[in-house]
Structure formats: structure tokens, C-alpha cells
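Scroll down for the structure; my scribbles are underneath it.
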Amino acid sequence: MRRAPVLALLLTLSATPLLAQSFEARVAPCLACHGEKGTSETPDIPSLGGQQAPYTLIQLYLFREKQRVLDVMNEMTKGFSDDDLRKFSDFIATLPKPQPPADAGDPARMQRAQALVQQNHCGFCHNPDFSGKENVPRIANQREDYLLKTMREYKSNTRHGYDSSMADVVAPLTDAQMVELAYYIAHVR
């Protein structure tokens with residue numbers, strides 16, 4: 001796993017006052033993990049491209065306040081002011097959205113998952129094209145491993161949102177159904 005170099009980079013950066021760094025220097029560690037163009041190539045790390053600024057602002061705030069616990073992100077946002085949070089979330093919103101994989105996905109799996117999407121009303125909050133809106137994340141073409149990890153965390157109650165919507169949605173799902181949903185959302189066109 002590539003977390004050790006990231007932690008080393010974060011510790012180095014945290015030793016330098018935030019105000020002394022340019023925005024480009026401050027955003028570099030974000031892009032190192034989440035992808036230079038907003039599309040992550042790192043397992044279990046989300047792509048941020050095309051994410052709604054209000055959603056990202058809320059997530060950064062939750063990390064800064066340690067209401068969402070992930071050591072790397074808590075450390076990264078530790079010294080952020082409210083203006084910093086807004087600047088980073090506005091920047092992230094300008095990154096290009098992730099593109100669907102070249103492989104359109106197995107038709108049988110896509111059809112099974114589409115039924116789950118309809119049954120669980122995924123398109124209601126995330127939009128029918130999964131583009132997200134305001135404080136609801138864009139999940140279209142997100143990393144499949146990250147989508148599955150996130151659903152499992154909501155189901156096990158180890159990831160808390162600012163409301164219980166996702167925990168309520170995934171509670172009745174089997175792990176096999178979450179696997180299919182992650183596959184579908186990662187491949188949706």
C-alpha cells in the first residue's frame with residue numbers, strides 16, 4: 001500500500017506553515033493521491049474530479065473537525081481555515097470528471113445492478129446519471145473498489161455521513177448486491 005510515502009509527505013508539509021506555501025504546493029499532496037487530473041489511480045482512494053463544491057466543502061469540514069476519521073485526511077486538513085476549505089472545494093469542482101472505463105461492463109451484471117439501482121432509488125439523491133448535486137456526491141465512474149469500500153463502511157456503521165440516508169439504503173443489501181452496484185456505478189455511461 002502507498003500510505004507510508006503519503007504520510008511522510010504529509011508530515012513534512014505539516015511542519016511548514018500553511019500560509020508560507022502557495023496554493024499549488026498545498027494542493028499537490030491532494031493530487032498525488034486523488035489523481036493529477038482528478039481521477040485516482042490508487043486503490044481505495046476516490047477520484048475527486050467533477051465533485052460538487054458544496055459536497056467537498058462538507059467532507060473537508062468533517063475531516064478537519066475529525067467528525068469523519070481518516071488519519072491522512074485529518075492531518076491534511078488540520079490547519080485549514082474556513083476560507084481554505086472553500087478554496088480547496090472550489091478547486092476540486094474544476095477538475096475533470098472521471099471517464100467511464102473503455103470496457104462497457106458485462107451486460108448481464110449491468111442489467112442486474114440496474115434493477116438494484118431502481119429498487120433502492122439511487123438516482124433520486126445522486127441523480128439518474130449519478131452526477132450528484134449540492135451536498136450529494138458524484139459517484140458516476142468512481143473507482144469500483146472505493147464505491148464498494150464506502151458501501152461496506154456505511155453498512156458496518158464505520159463511516160458516518162451527516163445523516164443516516166446511506167446507512168439506511170445499504171442496510172438491507174447483501175455484500176453480493178453491493179459488489180454489483182459498485183460495478184455498475186463504476187461502468188455507467
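Only this structure's heavy atoms are used, side chains among them; waters, hydrogens and symmetry mates stay out. For the single chain, residues carry numbers from 1 onward in sequence order.
Within the 4.5 Å cutoff, the side chain of N141 has heavy atoms near those of the P101 side chain. In this structure, the side chains of P100 and H187 stay at 4.5 Å or more apart for every pair of heavy atoms. Annotation: side chain of M166 is in contact with side chain of V170 (closest heavy-atom distance under 4.5 Å). Residues Q59 and T56 have side chains not in contact (no heavy-atom distance under 4.5 Å, counting atoms from C-beta outward). At least one side-chain heavy atom of F23 sits under 4.5 Å from a side-chain heavy atom of F91. In this structure, R86 and D82 have side chains that are in contact, with non-hydrogen atoms separated by less than 4.5 Å. L60 is listed as a side-chain neighbour of M73, based on a closest heavy-atom distance under 4.5 Å. The shortest distance between side-chain heavy atoms of L173 and Y154 does not fall below 4.5 Å.
Judged by distance alone, with hydrogens and angles left aside, the side-chain atoms of N74 form a donor-acceptor pair with the main-chain N or O of L70 at under 3.5 Å. Here the side chain of H34 pairs no donor or acceptor atom with the backbone of I45 at under 3.5 angstrom. With hydrogens and angles disregarded, a donor-acceptor distance shorter than 3.5 Å links the side chain of D129 to the backbone of S131. Formation of a donor-acceptor pair under 3.5 Å by the S47 side chain with backbone atoms of S40 is found in this model. Using modelled atom types, one side-chain atom of R143 and one backbone atom of T42 make a donor-acceptor pair closer than 3.5 Å. Checking side-chain atoms of T39 against main-chain N and O of G35 turns up no donor-acceptor pair under 3.5 Å. A donor-acceptor distance shorter than 3.5 angstrom exists from the side chain of S22 to the backbone of A25, with no hydrogens or angles considered.
The two atoms that bring S89 and A53 nearest to each other are CB-O, 3.5 Å, heavy atoms only. Heavy-atom minimum distance, D44 versus D145: N-OD2, 2.8 Å. The minimum heavy-atom distance between M178 and M151, with the atom names listed, is O-CE, 3.3 Å. Nearest heavy-atom pair, G50 versus R138, reported as atom, atom and distance to 0.1 Å: O-CD, 3.5 Å. Closest of all the heavy-atom pairs between Q177 and P172 is OE1-O, 4.1 Å. Looking at every heavy atom in both residues, L147 comes nearest to A182 through CD1-O, 3.6 Å.
Hydrophobic clustering (ILVMFWY, side-chain heavy atoms < 4.5 Å, transitive): V69 and M76 are in distinct clusters. No single ILVMFWY cluster, assembled from side-chain heavy atoms under 4.5 Å apart, contains both Y183 and V169. Residues V27 and Y61 fall within the same hydrophobic cluster, defined by Ile, Leu, Val, Met, Phe, Trp and Tyr side chains chained together at heavy-atom separations under 4.5 Å.
The distance from atom CG of L48 to atom CG of L31, rounded to the nearest 0.5 Å, is 8.5 Å. Of the inter-residue distances, the one linking R64 atom CZ with S81 atom OG reads 7.5 Å to the nearest 0.5 angstrom. Between the CD1 atom of I139 and the OH atom of Y146 there is a distance of 11.0 Å, given to the nearest 0.5 Å. Atoms OG1 and NZ, from T150 and K155 in turn, are 15.0 Å apart once rounded to the nearest 0.5 Å. Annotation: the span from M110 atom CE to I185 atom CD1 amounts to 10.0 Å, rounded to 0.5 Å. The CG atom of L181 sits 11.0 Å away from atom CD of E144, with the distance rounded to the nearest 0.5 Å.
Residue pairs meeting the side chain to side chain donor-acceptor pair (under 3.5 Å) criterion with at least one member in residues 97-109, sequence neighbours excluded: R109-E180.
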Requested in this report: Check the pair F130, V117 against side-chain contact (heavy atoms from CB on, under 4.5 Å), reporting the backbone distance first and the verdict last.
Outcome: CA-CA 10 Å; F130 302 105; V117 165; 3.7 Å; yes
**Report entry** Chi angles and distances behind the side-chain contact (heavy atoms from CB on, under 4.5 Å) call for Q52, V136
**Finding:** CA-CA 8 Å; Q52 311 293 330; V136 177; over 6 Å; no
**Report entry** CA sep, side-chain torsions, deciding dist, call: R68, R159, side-chain contact (heavy atoms from CB on, under 4.5 Å)
**Finding:** CA-CA 7 Å; R68 183 169 171 202; R159 178 173 178 169; 2.9 Å; yes
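Annotation for E65: atom CD counts as buried by contact number, over 12 foreign heavy atoms lying within 6.0 Å. With a 6.0 Å radius and a threshold of 12 heavy atoms from other residues, nucleotides or ligands, K37 has its NZ atom at or below the threshold. By the neighbour-count criterion of 12 heavy atoms within 6.0 Å, atom CD of E36 is sparsely surrounded, having that number or fewer from other residues, nucleotides or ligands.
We find that D84 and R26 are joined by a salt bridge, their nearest charged nitrogen and carboxylate oxygen being less than 4.0 Å apart.
Among residues two or more places apart in sequence or in another chain, the side chain to side chain contact (heavy atoms under 4.5 Å, CB included) test is passed with D168 by S164.
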